[in-house]
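This one's a predicted model, so the numbers in the text were calculated from it and none came from an experiment.
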Amino acid sequence: RHIEAQEVRSDHPDGRVVLRVKEAEVDLELADVWHGRLSFERAVARGGFMLLSIDPDDRLSFEAAVDAPNKPGEPSVPTAGLHYAMRNMRAENLELAIKLGDMFDYRIVDVNGVVTVQRIDTPGTQVLLTDIRGRVQQEIAGAHVRIKQLDGKITGKARQVADLRATLRIGDGDLKAHVGYFDRSKNKLELRVLKKDGVAANTMTWLLEAVAGFSSDIRVE
């Protein structure tokens with residue numbers, strides 16, 4: 001029931017690495033295993049990489065990696081494949097790539113927090129992020145950004161793909177924001193700034209509002 005492993009890897013059918021864990025400890029939920037589901041009571045992932053992106057068929061890339069194709073060379077069947085509830089996976093020093101279209105493509109390094117990946121009674125895979133902390137690799141508006149806390153979910157096969165709330169450390173100030181309602185059919189991204197403090201945070205908010213003024217795809221409240 002307790003498994004320890006090294007160099008765990010899951011690849012997308014197109015060759016992309018979707019998940020790579022250097023060291024993992026897993027406590028299986030045996031009751032679900034007997035029903036043909038892969039379920040964790042808890043897990044620890046130390047070091048590695050996880051990709052959260054949306055495929056052209058609206059599924060998360062992770063889901064495509066674990067679903068069985070209909071026939072060799074054909075796309076995977078959205079309703080087939082493995083059903084799972086990988087609960088309470090504690091990430092330690094992971095790298096997280098989040099790509100939700102051309103407008104939202106970031107890498108977060110030194111990630112610590114709790115991740116749950118499940119597909120039991122939902123139309124697609126749902127990823128829950130709890131108390132995620134880390135550092136955004138790219139500079140945003142010329143500023144280094146650290147994630148003090150991020151909570152939310154990313155869901156495949158749903159109109160609302162992302163619903164994220166975060167407290168960011170930007171320069172010497174903080175910014176609280178809600179990113180959500182990314183509608184792939186309309187390529188829409190909404191950002192609500194809940195609270196801002198500090199010169200860098202105010203500057204970034206001003207730049208986002210300026211960008212939104214030239215794009216109907218981004219709304220800043």
Any heavy-atom pair between the side chains of L19 and H12 that's under 4.5 Å? no

For S53 and R16, which heavy atoms make the closest approach, and how far apart are they? OG-NH1, 3.5 Å

Heavy-atom side-chain proximity of V21 to R46 below 4.5 angstrom: no

What is the minimum heavy-atom distance between N88 and V114, and which atoms define it? CA-CG1, 3.8 Å

For R42, is there an ion pair with D27 - N to carboxylate O distance below 4.0 angstrom? yes

For T155 and I54, work out which heavy atoms get closest and say how close. O-CD1, 4.5 Å

Between R1 and E41 (salt bridge meaning N to carboxylate O under 4.0 Å), is one present in this structure? yes

Does a salt bridge link R107 with E95, judged by any charged N lying under 4.0 Å from a carboxylate O? yes

Could you check V127 against V115 for side-chain contact (heavy atoms from CB on, under 4.5 Å), going step by step and ending with a plain yes or no? CA-CA 7 Å; V127 178; V115 180; 4.0 Å; yes

With a 4.5 Å limit on heavy-atom distance, are the side chains of V117 and Y84 in contact? yes

If you measure from CD1 on I132 to CD1 on I108, what distance do you get to the nearest 0.5 Å? 8.0 Å

I'd like to check L96 versus L52 (side-chain heavy atoms, cut-off strictly below 4.5 Å). Are they in contact? yes

Starting at CD of E25, measure out to CD of E4 and round the result to the nearest 0.5 Å. 4.5 Å

Quick check for you: to the nearest 0.5 Å, what is the distance between L28 atom CG and L38 atom CG? 7.0 Å

So how far is it from D105 CG to K99 NZ, rounded to the nearest 0.5 Å? 4.0 Å

Would you say E7 and K22 make side-chain contact, with heavy atoms under 4.5 Å? yes

Would I98 and Y106 count as a side-chain contact (heavy atoms from CB on, under 4.5 Å) if you check the C-alpha gap in whole Å, the side-chain angles of each, and the deciding distance to 0.1 Å? CA-CA 5 Å; I98 302 179; Y106 295 102; 5.5 Å; no

Are D110 and R135 ion-paired here, with the side-chain N under 4.0 Å from a carboxylate O? yes

Among V111, V136, T167, which residue meets the side-chain contact (heavy atoms from CB on, under 4.5 Å) test with I147? V136

Are the side chains of I154 and L164 in touch, meaning some heavy atoms are under 4.5 Å apart? yes

Nonpolar side-chain network containing L128, other nodes, edges under 4.5 Å: none

If you compare all heavy atoms of M86 against all heavy atoms of F40, which two are closest, and at what distance to 0.1 Å? CB-CD1, 3.7 Å

Tell me whether R9 is salt-bridged to D11, with the criterion being a basic N under 4.0 Å from an acidic carboxylate O. yes

For the student: nearest non-hydrogen atoms of L94 and A45, plus distance: CD1-O, 4.0 Å

Starting from the C-alpha separation in whole Å, work towards a yes-or-no answer on salt bridge (Lys or Arg N to Asp or Glu O under 4.0 Å) for R169 and D174. CA-CA 5 Å; R169 184 71 176 178; D174 288 350; 2.9 Å; yes

Does either side chain, that of S61 or that of D55, offer a donor lying less than 3.5 Å from an acceptor on the other one? yes

Could you state the interatomic distance from CD (Q149) to CG (L168), rounded to the nearest 0.5 Å? 11.0 Å

If I compare all heavy atoms of S39 with all of R87, which pair ends up nearest, and what's the gap? CB-NH1, 4.0 Å

Taking V8 as the starting point, is it possible to reach I3 by hopping between hydrophobic residues whose side chains are less than 4.5 Å apart? yes

In this structure, CG of N112 is separated from CG of D131 (nearest 0.5 Å) by 9.5 Å

Cluster overlap F62 with L51, hydrophobic side-chain contacts below 4.5 Å: no

